[in-house]
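The residues of the chain are indexed from 1 along the displayed sequence.
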Amino acid sequence: MSRDGSDRKPRQHLPAAERERQIVEAAAQFFATHGFEGQTRELAKTMGISHPAIFRYFPTKEALIERVYDHVFLARWDASWKDLIADRSRPLEDRLIQFYIAYTERIFDPQWMRIFMFAGLKGHPMTDRYVSMVRNQFIKPACDELRAELRLPSLSASPMTAREEEIFWALHGAVFYLGIRAFIYEVRTRGKREDTIRDQVRIFMTGTARVLGAG
């Protein structure tokens, strides 16, 4: 017990960058458990630091949430995935399967899923930003590659249609739902994730050719 009678642990003297990293990592776990309604005062208690210590690194709670967004969402997105999707030396089916296997390895954990769900329920703008990133860095490039595979005009010749975009979101949603079942509903999924991803991508490739009139 500290001198003021609280249960707060004696403060460790850490470099500023290390203390800031600890706060961000603890905040990510805290918000994944309590949602964004969780109070920073309670976060400080879980860390064993004073409440003002948090605000020495983050001027507002929203600034801390923004750093959590960078830490949990942006840091897990691999910029090389765009190059993978654009690699026409391989069939698009293989590229999509590799992407989704790598993507789910990065995001399929309770912290990522719960923060994403809490953000959506609260209407936090981080969800819109993340969805826009997926659209621009994955769906649009993949749509261009699909057109090339089906011998249709490129996106530079004709913009992506709403129908094409929704077809890709349906694929993305099918894969994403595996994570929802596992980490939000806490329902055991059957079979290997990689096998399910392969099945979903193959169904997508077969059905899309028919839907878009190229098969």
Side-chain angles (χ1 to χ4, degrees), residues 1-81 99-138 169 172-173 175-189 193:
M1 185 174 289
S2 61
R3 290 181 181 178
D4 61 7
S6 70
D7 292 329
R8 190 169 68 243
K9 297 176 183 178
R11 182 181 176 186
Q12 295 179 325
H13 295 284
L14 298 174
E18 176 63 15
R19 175 65 71 186
E20 182 175 333
R21 182 190 64 79
Q22 285 188 351
I23 292 172
V24 172
E25 291 182 351
Q29 185 58 51
F30 181 78
F31 291 134
T33 302
H34 301 285
F36 295 119
E37 300 301 326
Q39 299 299 308
T40 52
R41 190 176 300 277
E42 293 303 314
L43 168 62
K45 286 182 180 179
T46 65
M47 293 188 66
I49 62 176
S50 68
H51 190 216
I54 292 177
F55 294 101
R56 281 198 287 271
Y57 297 92
F58 303 96
T60 64
K61 180 181 178 182
E62 188 59 34
L64 176 57
I65 290 174
E66 284 295 313
R67 279 295 305 279
V68 168
Y69 171 75
D70 291 344
H71 173 71
V72 174
F73 294 97
L74 296 187
R76 299 192 193 192
W77 185 270
D78 190 337
S80 70
W81 288 335
F99 165 77
Y100 275 118
I101 289 174
Y103 178 68
T104 55
E105 285 175 353
R106 291 288 184 91
I107 73 165
F108 275 20
D109 67 51
Q111 186 181 98
W112 195 103
M113 286 287 169
R114 289 179 62 84
I115 288 179
F116 191 80
M117 291 296 105
F118 278 129
L121 290 171
K122 189 172 176 59
H124 195 279
M126 74 168 60
T127 55
D128 288 338
R129 293 203 305 270
Y130 187 78
V131 167
S132 294
M133 182 175 69
V134 173
R135 182 182 188 272
N136 293 326
Q137 297 191 30
F138 168 64
W169 278 121
H172 196 76
V175 174
F176 190 80
Y177 188 63
L178 296 172
I180 298 295
R181 287 168 62 197
F183 301 111
I184 302 301
Y185 300 157
E186 297 184 347
V187 174
R188 184 173 66 86
T189 56
R193 182 195 306 162

A.B. asks: Taking it one step at a time, do Thr104 and Leu178 satisfy side-chain contact (heavy atoms from CB on, under 4.5 Å)?
C.D. replies: CA-CA 9 Å; Thr104 55; Leu178 296 172; 6.0 Å; no

A.B. asks: If we ignore hydrogens and angles and just use 3.5 Å, is the side chain of Gln39 paired with the main-chain N or O of Glu37 as donor and acceptor?
C.D. replies: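 Yes, the answer is positive, given that a donor and an acceptor are paired below the 3.5 Å cut-off.
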
A.B. asks: Is the Phe183 to Phe116 ring centre distance short of 6.0 Å?
C.D. replies: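 Phe183 vs Phe116: aromatic centres not under 6.0 Å.
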
A.B. asks: Nearest 0.5 Å, what's the OG1-CD distance between Thr46 and Glu42?
C.D. replies: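 So the OG1 of Thr46 and the CD of Glu42 are separated by 8.5 Å.
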
A.B. asks: Applying side-chain contact (heavy atoms from CB on, under 4.5 Å) to Ile49 and Gln22, what does each step give before you reach the verdict?
C.D. replies: CA-CA 11 Å; Ile49 62 176; Gln22 285 188 351; over 6 Å; no

A.B. asks: Out of curiosity, Asp78 CG to Glu105 CD, how far, rounded to the nearest 0.5 Å?
C.D. replies: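 Those atoms lie 11.5 Å apart.
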
A.B. asks: Measure across Val175 and Phe108 and return the closest heavy-atom pair with its distance rounded to 0.1 Å.
C.D. replies: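 Scanning both residues, the minimum pair turns out to be O-CZ, 3.4 Å.
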
A.B. asks: I'd like to check Arg67 versus Glu20 (side-chain heavy atoms, cut-off strictly below 4.5 Å). Are they in contact?
C.D. replies: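 Of all side-chain heavy-atom pairs linking Glu20 with Arg67, at least one is under 4.5 Å.
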
A.B. asks: Can you tell me how far CH2 of Trp81 sits from CZ of Phe99, rounded to the nearest 0.5 angstrom?
C.D. replies: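 So the CZ of Phe99 and the CH2 of Trp81 are separated by 6.0 Å.
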
A.B. asks: First locate atom CD of Gln111, then atom CE of Met113, and finally report the distance between them rounded to the nearest 0.5 Å.
C.D. replies: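 Nearest 0.5 Å value for the CD-CE distance: 12.5 Å.
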
A.B. asks: Examine Phe31 together with Tyr69 and report whether their ring centres are nearer than 6.0 Å.
C.D. replies: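 So the answer is no for these two rings.
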
A.B. asks: Taking the side chain as every heavy atom from C-beta outward, state whether Met47 and Glu25 have any atom pair closer than 4.5 Å.
C.D. replies: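 No; the side chains remain at least 4.5 Å from each other.
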
A.B. asks: Would you give the length of the straight line joining atom CG of Asp70 to atom CE of Met126, rounded to the nearest 0.5 angstrom?
C.D. replies: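 Answer for the CG-CE pair, Asp70 versus Met126, is 9.0 Å.
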
A.B. asks: Does any non-hydrogen side-chain atom of Val24 lie less than 4.5 Å from one of Tyr57?
C.D. replies: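 Side chain of Tyr57 against side chain of Val24, heavy atoms only: no contact under 4.5 Å found.
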
A.B. asks: Does Trp77 reach the side chain of Ile107, with side-chain heavy atoms less than 4.5 Å apart?
C.D. replies: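 Trp77 does not reach Ile107 side chain to side chain.
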
A.B. asks: List the steps and the verdict of side-chain contact (heavy atoms from CB on, under 4.5 Å) for Tyr185 and Tyr177.
C.D. replies: CA-CA 10 Å; Tyr185 300 157; Tyr177 188 63; 3.4 Å; yes

A.B. asks: Give the ring-plane orientation class for Phe30 versus His34, where under 30° counts as parallel, over 60° as perpendicular and anything between as tilted.
C.D. replies: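 Phe30 and His34: tilted rings.
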
A.B. asks: With a 6.0 Å cut-off (strictly less than), is the heavy-atom count around CD of Glu18, excluding the residue itself, greater than 12?
C.D. replies: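 Yes.
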
A.B. asks: Which pair of heavy atoms, one from Ala28 and one from Val72, lies closest together, and at what distance?
C.D. replies: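 Heavy atoms of Ala28 and Val72 come nearest at CB-CG2, 3.8 Å.
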
A.B. asks: For atom NZ of Lys61, decide whether the heavy atoms of other residues, nucleotides or ligands shown that lie under 6.0 angstrom number more than 12.
C.D. replies: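 Yes - once you tally the heavy atoms of other residues, nucleotides and ligands closer than 6.0 Å, there are more than 12.
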
A.B. asks: In Å, rounded to the nearest 0.5 Å, how long is the span from CD1 of Ile23 to CG of Leu43?
C.D. replies: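 Nearest 0.5 Å value for the CD1-CG distance: 7.5 Å.
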
A.B. asks: A side-chain contact here means heavy atoms from C-beta on lying under 4.5 Å apart; do Met133 and Phe73 qualify?
C.D. replies: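 Sidechains of Phe73 and Met133: no contact.
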
A.B. asks: Any donor and acceptor pair, going by atom type alone, linking the side chain of Arg106 with main-chain N or O of Arg76 inside 3.5 Å?
C.D. replies: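 Side chain of Arg106 to backbone of Arg76, a donor-acceptor pair under 3.5 Å: yes, one is there.
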
A.B. asks: Grab the two heavy atoms, one from Ile180 and one from Met117, that are nearest each other, plus how far apart they are.
C.D. replies: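 Ile180 and Met117 have their closest heavy atoms at CD1-CE, 3.6 Å.
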
A.B. asks: For the residue pair Phe55 and His51, does the interplanar ring angle fall in the parallel (under 30°), tilted (30 to 60°) or perpendicular (over 60°) class?
C.D. replies: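 Rings of Phe55 and His51: perpendicular, as their planes differ by over 60°.
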
A.B. asks: Is there a side-chain contact between Arg193 and Tyr100, using heavy atoms and a 4.5 Å cut-off?
C.D. replies: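 The answer is no, as the side chains (C-beta and beyond) never meet within the 4.5 Å cut-off.
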
A.B. asks: Tell me whether the centres of the aromatic rings in Tyr103 and His172 are closer together than 6.0 Å.
C.D. replies: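 Distance test on ring centres: under 6.0 Å, yes.
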
